[in-house]
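Keep in mind that the numbers below use all heavy atoms, side chains included, and drop hydrogens, waters and symmetry copies.
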Amino acid sequence: MVITQGITQVLQSVIESKHKVVGIVDCAPINEPNKFIRAAGRFLTGIHYSFTSNPLSLKLFSRKLQIPYYYLRKGDSKGLEIWVRRVEPDLIVIYSMSHLLKENIFNIPLYGTINIHYSYLPEYRGPNPLFWEYYDYILDLGVTLHYVDKGEDTGDIICQERVIISSGEKLEETGQKLVSTGIKLLSEAMEALENGSVGIKQQPVDTPTPRARKIKPEEYNKLIKWEDWGVERVFHFLNGTPKYHSALLKKNSLCRLGFSIRVLDYENCNTFGYKVGNLYKDKSIYFFACKDGKIYVEIKPFLDNLFARIYPLIS
């Protein structure tokens, strides 16, 4: 059984393996949208599916493959327990879950419950490891496959692997490296579990890093140390945190809401006369001023595809 959010590569890799998927649990986002938006999303994706036979939602995807589906909201532990006992999984795999799984669930399967975490545990325990790895300018990241216990990413480690990235590497490229590594580790672990040859390593109680917590958009600008960080480090952090770029525009009067930022490149140069952290426009070129250089960006109207906006909200 797989617990996830959306039609992920990890889910597809498990489905395509020799193992039978007996259930898919769609974990609701932390800030679940209202009923009207969810209904609109279901209507639009239903129309898309009827014309293309290409499901956009996990619910339609599960229905197409005839795999039992469950939509999990926070606090619905008892309902999920009844459903899980009905589908009788030998193993639960978690990839992208918005809250911690309760003991009455993760202890059900014969082989336990395992989670894919994007850090080299015990480093960066918590829901937002990639954000803080980019923030701390860490270039040797990691992927860990571990058992789920009562703690937050504290269970015994099955296997893990370092993933090296480059300075300034965009989140999309880093994410694909981590996904590929996670799929490989998961495949190896499932094979080892089946053969009874899996080895485990107990995690230390303490972690060398602070908890990888979620942040609020209004915190973003305050976290960037414009006065202290060099232009290369700021560029690296911006490339790893595109979700929060709109907060940069709210800080600057040069652009109003309704626009988005795309980070292009950076240049080491003299920025005397500019205020660090501010957005400037020189002719048709926009840039953020850093203490030792400029970060060039593209500013354009925020006109994302309607399906792209609604997709994360769909059950």
Side-chain angles (χ1 to χ4, degrees), residues 1-29 58-59 61-119 121-122 125-127 143-161 178-179 181-203 315:
M1 190 189 91
V2 180
I3 301 177
T4 190
Q5 296 184 77
I7 307 170
T8 63
Q9 291 182 53
V10 171
L11 171 62
Q12 290 176 321
S13 73
V14 177
I15 289 171
E16 292 167 4
S17 71
K18 67 176 183 178
H19 305 282
K20 180 182 178 182
V21 178
V22 297
I24 295 174
V25 175
D26 192 359
C27 189
L58 194 49
K59 185 174 184 178
F61 179 79
S62 303
R63 183 187 301 169
K64 182 179 180 179
L65 297 179
Q66 298 183 325
I67 298 173
Y69 168 89
Y70 191 91
Y71 187 72
L72 174 64
R73 292 182 172 89
K74 189 174 182 180
D76 183 25
S77 182
K78 191 62 182 177
L80 178 62
E81 179 184 355
I82 294 170
W83 186 86
V84 172
R85 292 190 184 280
R86 186 181 304 141
V87 299
E88 299 181 307
D90 294 320
L91 175 72
I92 294 177
V93 174
I94 298 176
Y95 175 71
S96 184
M97 189 173 180
S98 59
H99 57 270
L100 298 181
L101 195 65
K102 300 292 186 181
E103 187 175 10
N104 63 317
I105 309 297
F106 67 69
N107 278 337
I108 291 175
L110 175 65
Y111 295 106
T113 298
I114 59 179
N115 177 55
I116 300 174
H117 186 75
Y118 283 163
S119 81
L121 290 175
R125 290 173 178 153
V143 178
T144 302
L145 193 67
H146 68 95
Y147 282 107
V148 173
D149 63 9
K150 292 181 181 180
E152 185 179 45
D153 305 315
T154 55
D156 291 345
I157 294 170
I158 300 170
C159 52
Q160 56 188 165
E161 187 173 311
L178 295 172
V179 168
T181 302
I183 289 172
K184 183 189 75 171
L185 294 180
L186 179 60
S187 176
E188 293 171 354
M190 288 193 297
E191 192 72 30
L193 283 167
E194 194 171 40
N195 297 333
S197 59
V198 67
I200 60 172
K201 179 177 69 174
Q202 188 174 16
Q203 280 199 59
S315 66

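Ring planes of H117 and H146: perpendicular class, angle over 60° (limits at 30 and 60°).
With D153 contributing its side chain and G126 its backbone, the two residues share a donor-acceptor pair below 3.5 Å. Checking side-chain atoms of N195 against main-chain N and O of S197 turns up no donor-acceptor pair under 3.5 Å.
Taking every heavy atom of both residues into account, G6 and D26 meet most closely at N-OD1, 4.0 Å. For the pair D76 and Y71, the tightest heavy-atom approach, listed with the atom from each and the gap, is OD2-O, 4.4 Å. Minimum interatomic distance between S62 and I24 (heavy atoms only, all atoms of both residues): OG-CD1, 3.5 Å. Summarising the geometry of G155 relative to Q203, their closest heavy-atom pair is O-NE2, 2.8 Å, with the distance given to 0.1 Å. Across every non-hydrogen atom of M1 and V25, the tightest pair is CE-CG2, 3.8 Å. I116 approaches G182 most closely through the heavy-atom pair CD1-O, 4.2 Å.
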Give the C-alpha distance, both sets of side-chain angles, the deciding distance and a yes or no for side chain to side chain contact (heavy atoms under 4.5 Å, CB included) between I157 and I200. CA-CA 5 Å; I157 294 170; I200 60 172; over 6 Å; no
Evaluate K18 against E191 for side chain to side chain contact (heavy atoms under 4.5 Å, CB included), listing each step before the verdict. CA-CA 10 Å; K18 67 176 183 178; E191 192 72 30; 3.4 Å; yes
The test is side chain to side chain contact (heavy atoms under 4.5 Å, CB included); show your working for I114 and L91 and say whether it passes. CA-CA 8 Å; I114 59 179; L91 175 72; 4.1 Å; yes
Are L58 and Y69 close enough, and set up right, to give a side chain to side chain contact (heavy atoms under 4.5 Å, CB included), and what steps lead you there? CA-CA 8 Å; L58 194 49; Y69 168 89; 4.3 Å; yes
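Residues K102 and E81 are not paired through a salt bridge, judged by the lack of any N-O separation under 4.0 Å between the basic side chain and the carboxylate.
Side-chain contact, S77 with N104: a donor N or O sits under 3.5 Å from an acceptor N or O.
To the nearest 0.5 Å, the span separating CD on Q5 from SG on C27 amounts to 5.0 Å. Here CZ of F106 is found 9.5 Å from CG of L100. Values are rounded to the nearest 0.5 Å. Distance OG/S13 to CG/L11: 7.5 Å, rounded to 0.5 Å. Between the CD1 atom in I158 and the CD atom in E188 there is a gap of 12.0 Å [rounded to 0.5 Å]. To the nearest 0.5 Å, the span separating CD1 on I105 from CD1 on I92 amounts to 7.0 Å. With rounding to the nearest 0.5 angstrom, the OG1 atom of T144 is 10.5 Å from the CD atom of E161.
Annotation: side chain of L145 is not in contact with side chain of N115 (no heavy-atom distance under 4.5 Å). Within the 4.5 Å cutoff, no side-chain heavy atoms of I94 are placed close to those of T4. At least one side-chain heavy atom of V84 sits less than 4.5 Å from a side-chain heavy atom of P89. Between S119 and L121 there is a side-chain heavy-atom pair separated by less than 4.5 Å. Looking at V143 and Y118, their side chains come closer than 4.5 Å, going by heavy atoms from C-beta outward. Counting heavy atoms from C-beta on, the side chains of I3 and V93 never come closer than 4.5 Å. For the pair E88/P109, no side-chain contact is recorded, criterion being any heavy-atom separation below 4.5 Å from C-beta on. Using a 4.5 Å heavy-atom threshold, the side chains of R85 and I108 count as touching.
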